[in-house]
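Worksheet for the structure shown next.
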Amino acid sequence: MKQRALEHRTRRWVAVWFVVLAALFEPALAQVSDETIIEAREALRKKDKNRLAAARAASAADRHPLAMWADYWDLTNRVAELQQDDVEAFYARWSGTYVEDRLRNDWLLELGKRRDWRNFALDFPRFRMNDDREVTCYAMLVEHLEGRNVRDAAREAWMAQRDTDDGCWHLASALFAAKQLSASDVWYKARVMVDSGRLRTARQTIDLLATDLGQAAGELFDSPARYLTRHPIAPHRNAAELATLALIRTASNDPDAAARLLEERWERALPADLSAWAWTSIARQAATRLQPEAPTYFQRADERTAAAPHARTATKSSDWSDDTLAWKARAALRASIGTSVGVGASNAHWQQVLSAIEAMSPAEQRDPTWVYWKARALKTTAADGPDGAPQRAEGHALLIRLSNQLNFYGKLAAEDLGEPIVLPARPAPLSAEERSAAANHPGLTRALQLIAIGLRNEGVREWNFSLRGMSDRQLLAAAQRACDSEVWDRCINTSDRTRNEVDMEQRFPLPFRAQVVARAIEIGLDPAYVYGLIRQESRFVVDARSGAGAAGLMQIMPATARWTARKTGVDFNTAAIADRDVNLKLGTSYLKLVLDDFDGSQAMAAAAYNAGPNRPRKWREGPFLEVAAWAENIPFNETRDYVKKVLSNATYYTALLSGSGQAPSLKARLGRPIGPRDANAPAPNTDLP
């Protein structure tokens, strides 16, 4: 105890001397070195407390403008040792800054783990970011312990939790013990987790009921077929729930095998609500595999749901997850539009598109994707003549509402209405006062300094915190400061936040214009397409590097870079992959090879650039689809979003490169419908990595 007391007094004296040393130096006279900050960050990475403490003291003595970060790293590195007065002293030193609120986030998590609800309750109201789900769960637990009813909000937070954490688990345990969460709630979440492959979270969820049930769930996750063979009947609700989990798990590997099991035995053995859930899981898995049976499976799920109107768990179509309903709509869209390219649209499938969208949450229904396809479904399924006029008018109104949005579906809506795609008028120039306010904003300044010394992650967080509460004009000024500093990702992302004043030249800048345009023309690519892809890949950050190892402007993987260099006769070494010109040369060469392999389809080439060429080769099999429907059915969320944004970006870049102020047709860029490769076409280039 004496040793701990001594350590605590020592820390307090260090804090005092930190302030005293800082006060001895005027900022205008300081000669500071960034090395102390870089040293502090490296010490944090290596968890070297002594080295970090020394770098922290040096940055304070230097009066470095980023000294607060060294101070933060030092405290967060030993957060388990801190006491409330240590943290309060830090808050006082750096009041109103990002690191103050960042440490508060860390400290609230620590207080939750300590079950120090008194200090948690005092500190939580000061948490401005309030964007940590685990902290939110702890906060609701404190309210529950104080006797307030938090059941609905707590259930929502717990259901949204995908990975296990102490806060949400502790909250769920307390509410379950208080009978504010039911067994039905537990099984519902377990099914959702198994459906999304979160088996660890599912097992932990079931443990709330009984550890032997959790153990049984763990066994069936390993071998669902063996479990179903050993348990051919479901004599009670828990057994039926476990069998349903086994069917869901089977569907994740083989939807058709799970469908056969349901048809042969389990549809009759299970309660209607659980067999409906199993059919829904099978349908969703089939839809993500682009199987033509998916709409039929969804129909079976609807039929079983209708047979269980008073089921104990939420299985009505309107209570399916938005993700499941989205796949119901995509599967029906694939069936309806695939047919329409051939022998005529299936009205029944368009009705399924419409019913899926109308069952989504209000927020999801507002997504441009579903506004567009709902409009199409309404117009397609409307009765002929006057009887269908109100429905056609509703679809037309949705297209009008969407047509002024600057996204993929906004452009398609405008073209469906016969309207040109016109760039928004540029806002009034920034005033000297607006520019000065951005130039003198301390948080923006620190963010740019952090990025300049290679601490991009910290700089981005500092920058985004500084943008909170800014008006459109302030955002434009901040974006312009980033543009002027050639920090292009902050320039674009900040300008993207404005609502009423839109500066397209900020949102779609043209860095390295001479090099990009010359290289694209040299190799036979559309410069706007190249710009659209780079904007999505790296936001023009030359030294960008992904977690997977992709590097540079065009985010090339080292293996792909080496292969492309050999194929095109370019001298290359791995160290040069982030060099702007080398990266641009290799990236465009690879893109051209991919584009040629996919018959000039910019959508398929973009998908191949993001996910590898083998996947879009599989995705093109099946019916011929208009390109928008094909893109919407891409199974990977990231690639689906990527393809739509690259093509949308390219449309605007065409207008900006030409200076015309009017974008060309997006539909023309999408090209002809996508389907199986023509039998007379050259064989695919299977060497493409």
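Here, residue 1 is the first one in the sequence, and each next residue gets the next number.
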Would you mind reporting whether [Y] and [X] have side-chain heavy atoms less than 4.5 Å apart?
X: Ile357; Y: Leu325; value: no
X: Asn649; Y: Leu533; value: no
X: Lys374; Y: Glu358; value: yes
X: Ser252; Y: Gln285; value: yes
X: Asp472; Y: Arg499; value: yes
X: Trp350; Y: Leu333; value: yes
X: Trp277; Y: Ile248; value: yes
X: Asn610; Y: Val643; value: no

Checklist entry - Taking it one step at a time, do Gln602 and Val646 satisfy side-chain contact (heavy atoms from CB on, under 4.5 Å)? => result CA-CA 9 Å; Gln602 292 188 10; Val646 167; over 6 Å; no

Checklist entry - Would you call the rings of Phe298 and Trp320 parallel, tilted or perpendicular, where under 30° means parallel and over 60° means perpendicular? => result tilted

Verify the neighbour count for atom [atom1] of [X]: are there more than 12 heavy atoms of other residues, nucleotides or ligands below 6.0 Å?
X: Glu621; atom1: CD; value: yes
X: Arg672; atom1: CZ; value: no
X: Asp384; atom1: CG; value: no
X: Arg200; atom1: CZ; value: no

I'd like to know if the side chain of [X] reaches the main chain of [Y], judged simply by a donor and an acceptor atom lying under 3.5 Å from each other, with no hydrogens or angles considered.
X: Asp322; Y: Met360; answer: no
X: Asp367; Y: Thr369; answer: yes
X: Arg268; Y: Leu262; answer: no
X: Thr639; Y: Phe636; answer: no
X: Gln405; Y: Asn407; answer: no
X: Arg162; Y: Thr201; answer: no
X: His231; Y: Tyr227; answer: yes

Checklist entry - Where do Thr381 and Gln391 land on the side chain to side chain donor-acceptor pair (under 3.5 Å) test, with the steps shown first? => result CA-CA 8 Å; Thr381 59; Gln391 188 168 314; 2.7 Å; yes

Checklist entry - Does Arg535 count as lying over the ring of Phe508, i.e. NZ or CZ under 6.0 Å from the six-ring centre, within 45 degrees of the axis? => result yes

Checklist entry - Are Arg304 and Trp279 in a cation-pi setup, meaning NZ or CZ lies under 6.0 angstrom from the ring centre and within 45 degrees of the ring axis? => result no

With a 4.0 Å cut-off, would you call [X] and [Y] a salt bridge?
X: Glu626; Y: Arg376; value: yes
X: Asp503; Y: Arg507; value: no
X: Arg669; Y: Asp526; value: yes
X: Arg155; Y: Asp185; value: yes
X: Lys667; Y: Asp416; value: yes
X: Glu632; Y: Arg330; value: yes
X: Lys411; Y: Glu415; value: no
X: Asp254; Y: Arg289; value: no
X: Asp195; Y: Arg191; value: no
X: Arg617; Y: Asp597; value: yes
X: Arg237; Y: Asp273; value: yes

Next on the checklist: Using the rule given for side-chain contact (heavy atoms from CB on, under 4.5 Å), can you reason through Tyr531 versus Tyr652, listing the C-alpha separation, both sets of side-chain angles and the distance that settles it, and then say yes or no?
Outcome noted: CA-CA 10 Å; Tyr531 262 113; Tyr652 283 132; over 6 Å; no

Next on the checklist: Between Gln291 and Asp256, does the side chain to side chain donor-acceptor pair (under 3.5 Å) criterion hold? Intermediate values first, please.
Outcome noted: CA-CA 10 Å; Gln291 293 180 208; Asp256 293 333; 3.2 Å; yes

Checklist entry - Is the gap between the ring centers of Trp370 and Tyr409 under 6.0 Å? => result no

Checklist entry - Do the ring centers of Tyr590 and Tyr609 come within less than 6.0 Å of each other? => result yes

Might you point out which heavy atoms bring [X] and [Y] nearest each other, and give the distance in Å?
X: Ala605; Y: Tyr529; result: CB-OH, 3.4 Å
X: Ile421; Y: Thr651; result: CD1-CG2, 4.4 Å
X: Ile206; Y: Val186; result: CA-CG1, 4.2 Å
X: Ala628; Y: Leu412; result: CB-CD1, 3.7 Å
X: Met504; Y: Leu656; result: O-CD1, 4.0 Å
X: Pro616; Y: Phe598; result: CG-CZ, 3.8 Å

Checklist entry - Leu670 and Trp630: side-chain contact (heavy atoms from CB on, under 4.5 Å), yes or no, with the steps? => result CA-CA 10 Å; Leu670 299 183; Trp630 180 85; over 6 Å; no

Checklist entry - Please walk me through it: do Arg334 and Val353 pass side-chain contact (heavy atoms from CB on, under 4.5 Å)? => result CA-CA 10 Å; Arg334 184 175 173 84; Val353 171; over 6 Å; no

From [X] [atom1] over to [Y] [atom2], what is the distance, rounded to the nearest 0.5 angstrom?
X: Thr324; Y: Arg284; atom1: OG1; atom2: CZ; value: 5.0 Å
X: Arg640; Y: Lys645; atom1: CZ; atom2: NZ; value: 12.0 Å
X: Thr288; Y: Asn637; atom1: OG1; atom2: CG; value: 10.0 Å
X: Thr380; Y: Gln351; atom1: OG1; atom2: CD; value: 10.0 Å
X: Arg203; Y: Leu245; atom1: CZ; atom2: CG; value: 12.5 Å
X: Ile233; Y: Trp266; atom1: CD1; atom2: CH2; value: 8.0 Å

Next on the checklist: Checking Asp323 against Ser321 for the side chain to side chain donor-acceptor pair (under 3.5 Å) test, could you report, in this order, the C-alpha distance in whole Å, the side-chain angles of both residues, the deciding distance, and whether it holds?
Outcome noted: CA-CA 5 Å; Asp323 185 60; Ser321 71; 5.2 Å; no

Checklist entry - For Lys379 and Glu394, what are the C-alpha separation, side-chain angles and deciding distance, and is it a salt bridge (Lys or Arg N to Asp or Glu O under 4.0 Å)? => result CA-CA 8 Å; Lys379 297 183 77 158; Glu394 183 184 353; over 6 Å; no

